[in-house]
Protein chains: 4
Amino acid sequence: MQILNHGHIRLVDHMGSDISIVRNARVSYNAEPRNDGSDEKLIDYLVRNNHNTPLECVKFTFDVKAPIFVFRQWHRHRTWSFNEVSARYSELPQEYYIPEVSQITTQSSSNKQMRTDSEHPEAELMQRMITSQCESAFHTYQQMLAQGVPRELARGVLPLNTFSHMFATVDLHNLSHFLKLRLHEHAQYEIRVYAQAMLELVEPIVPVALAAIRRHVL
Amino acid sequence: MQILNHGHIRLVDHMGSDISIVRNARVSYNAEPRNDGSDEKLIDYLVRNNHNTPLECVKFTFDVKAPIFVFRQWHRHRTWSFNEVSARYSELPQEYYIPEVSQITTQSSSNKQMRTDSEHPEAELMQRMITSQCESAFHTYQQMLAQGVPRELARGVLPLNTFSHMFATVDLHNLSHFLKLRLHEHAQYEIRVYAQAMLELVEPIVPVALAAIRRHVL
Amino acid sequence: MQILNHGHIRLVDHMGSDISIVRNARVSYNAEPRNDGSDEKLIDYLVRNNHNTPLECVKFTFDVKAPIFVFRQWHRHRTWSFNEVSARYSELPQEYYIPEVSQITTQSSSNKQMRTDSEHPEAELMQRMITSQCESAFHTYQQMLAQGVPRELARGVLPLNTFSHMFATVDLHNLSHFLKLRLHEHAQYEIRVYAQAMLELVEPIVPVALAAIRRHVL
Amino acid sequence: MQILNHGHIRLVDHMGSDISIVRNARVSYNAEPRNDGSDEKLIDYLVRNNHNTPLECVKFTFDVKAPIFVFRQWHRHRTWSFNEVSARYSELPQEYYIPEVSQITTQSSSNKQMRTDSEHPEAELMQRMITSQCESAFHTYQQMLAQGVPRELARGVLPLNTFSHMFATVDLHNLSHFLKLRLHEHAQYEIRVYAQAMLELVEPIVPVALAAIRRHVL
């Protein structure tokens, strides 16, 4: 799934299903699986009452490409497992985030951390400033590399808009917590689009649990 | 797999393989997968140098039945996810651990936490004492339940030898740490047999990683 | 603080205060501390909106003595750090939980995991059954130890009512999560009394945060 | 403690000491504290044998200012608790890392992730390139802010060399793991200096444990 100008997110691997959540939960009650629609009720009950451990048996690995400032927010979630490209080890490709003109709005004055929905009067000019600043940073980066400057030092001039790449593994309980925070209207647009994409990617795998998460968590 | 007199361990679900470890690790190096035997070297390198996050993309869920004193050691591993039967919620079946006569040895004097390898001279008598004590505890438990005593109170008389049941989920990195500690000769026999069984259950799924773990961790 | 018949809980060590929560939170806003009552509002805001990391700078170590079935619930909280007496290493003293007569009620029929509030008609008899069963278990335990049976095997006959002892360390955020679950009316009485005691022990150290936690979490 | 050109690290708060490690460990052995030099041996034993939980009762909060690329490595350690300034919420001051000339060496060819020890022949020129690139990025950033571009978007042009600020809390066990990795000769110089500073800051608080960590971990 393409996201932002150079990014993507892809579901690489997964384990478990609505059935496995039920099976894990029923261990606690020493109860047999049933075929009478009660599974749906059980999952709803678990999610509504924060009985989260049965949801931890469902796992996902995502392949994510996103701007570094997005990764910075992502990596604060300490229950994920991350494998990210190392800019000490290899040169980063010249890919940086350029916000679409419609996304370049103005600083909110009512909420200190947010932006408004109204396009900036000079959005196109601002977009050109971002582009040329990032262009110039990559130019300096590549020049330094060409001169034999260590990769680990040269990358210091790269902008936070630079795209990075990782494989990220998480369980359904902790994913739902991530989605709650990062789909929130106060979350930054550039991470919300990844959260939204994950929601859509996992929905076919655990449709009943996702419906319950939508009802009670998001 | 049958373990101890009433226990078992079964692999219920798993995600990933040697290939996924390689794929996760190669993200860090921005490198393509290769077909020249270098995958095996890469996995060996990761394990030898404690580059553990790529191993965290491999997940296992086990169905475990074991004595409560074994679960007590197991639950101290905080990176696992557990769903265990609740003795507040349902009556526990009359199943308790009776050590085989050959396992009833003597207290080690050189190592304060261990037992020796030499069978106790009165091993059979000791086994009968254990059996009849546990028998009596279950009898009292069942009597109290029959009289309407709350399950959460009645279970207090049950012995630590009582079998409990859980689903337990872990990743390969944290499993290998568990195996290192619980396959150690200082670990108690009754948990070592579960560790050994898990080793055998996961080996066919990640044979290359397991070989490296045997070489460098265990 | 004495709890149950042989138990206790004591605050051994702590770090931080309401002031440190504020100081940690203000880093995020790049803001100076203030003396205009706004600290209280800030803490209330953090707790109400689940901005939990500033609460993680406040730490507590408790010295806890409680029945093993209580520890079994406690140890499922994976963000604590525990050091517990090892029954492989030393003999456990003959101390077991005897519920007071008023606590011996009947199994709830409306809630499968709970007990009612009405005293069991034969509460005193039930109390004697519990006492004599535990007495007998300790007697067998001590006999086996006297005969040189390994401690790690002999302890298997001890009841879940046996008191154990640990030092337990946690931060304020994760403590408040524990309190939310374990002060809940559905929690078992025997762990609720420990939760209640911790609430009282930490209140003088972080009075403002505790007030906010009472308002928004508990 | 001043580190790099605009950075610092300071110990803000701490809990525990060598004595508390001993006290926590002795709970496991059901043993009294002693005054015969055996405490030192016990701590050495714990560290040598990876009996880590007693070290988790010692906690530190650091106030850290460091370049963002250093924070990016730091935040991958998931057992720390972080409170970092938000560039969505406030404007970042014009402070960026300029490596000293002696630090601007060349890319290692033998180790793909490292730099050599030999100063780059054009180190001063490279330093000027870094400086002017970062200068230009901050200029663009400030211009955009002046035009009302949202802070969360404008910060995208800032370089990875930009200094950020956080309070970071960790326990001694997980700090020693951090130090092992980040004091390693393969770690990047710019994070090694922070690791070295933390080592010196905590040494007076837990001198015996630090001596053991130096012997067996680092």
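In the text below, chain A, chain B and the rest are named by the order of the sequence lines, each starting its count at 1. This is a predicted model, so every value here is computed, not measured.
- Residues R23(C) and V12(D) form a side-chain contact, since some pair of their non-hydrogen atoms from C-beta on lies under 4.5 Å apart.
- Side chains of T61(C) and M15(D) form a contact here, defined as non-hydrogen atoms less than 4.5 Å apart.
- The 12-atom threshold is not exceeded at NE2 of H139(C), counting heavy atoms of other residues, nucleotides or ligands nearer than 6.0 Å.
- The parts of E56(D) that come within reach of chain C are both its backbone and its side chain, each placing non-hydrogen atoms under 4.5 angstrom from that chain.
- Around the NE2 atom of H216(C), the shell of radius 6.0 Å holds more than 12 heavy atoms that belong to other residues, nucleotides or ligands.
- The number of heavy-atom neighbours closer than 6.0 Å to NE2 of H8(D), taken from other residues, nucleotides and ligands shown, is above 12.
- Both the backbone and the side chain of F167(C) have a heavy atom closer than 4.5 Å to some heavy atom of chain D.
- Counting heavy-atom pairs closer than 4.5 Å to chain C, the top residue among S28(D), A168(D), A25(D) is S28(D).
- Atom NE2 of H186(C) has more than 12 heavy atoms from other residues, nucleotides or ligands within 6.0 Å.
- The environment of CD in E95(D) is crowded: more than 12 heavy-atom neighbours from other residues, nucleotides or ligands sit within 6.0 Å.
- Contacts of S90(D) with chain C are made by side-chain atoms alone, with heavy-atom separations under 4.5 Å and no backbone atom involved.
- Looking only at heavy-atom pairs under 4.5 Å with chain C, the residue among T169(D), D13(D), V27(D), T53(D) that has the most is V27(D).
- More than 12 non-hydrogen atoms from other residues, nucleotides or ligands lie less than 6.0 angstrom from CD of Q2(C).
- The choice from T79(D), N83(D), D63(D) that makes the most heavy-atom pairs within less than 4.5 Å of chain C is N83(D).
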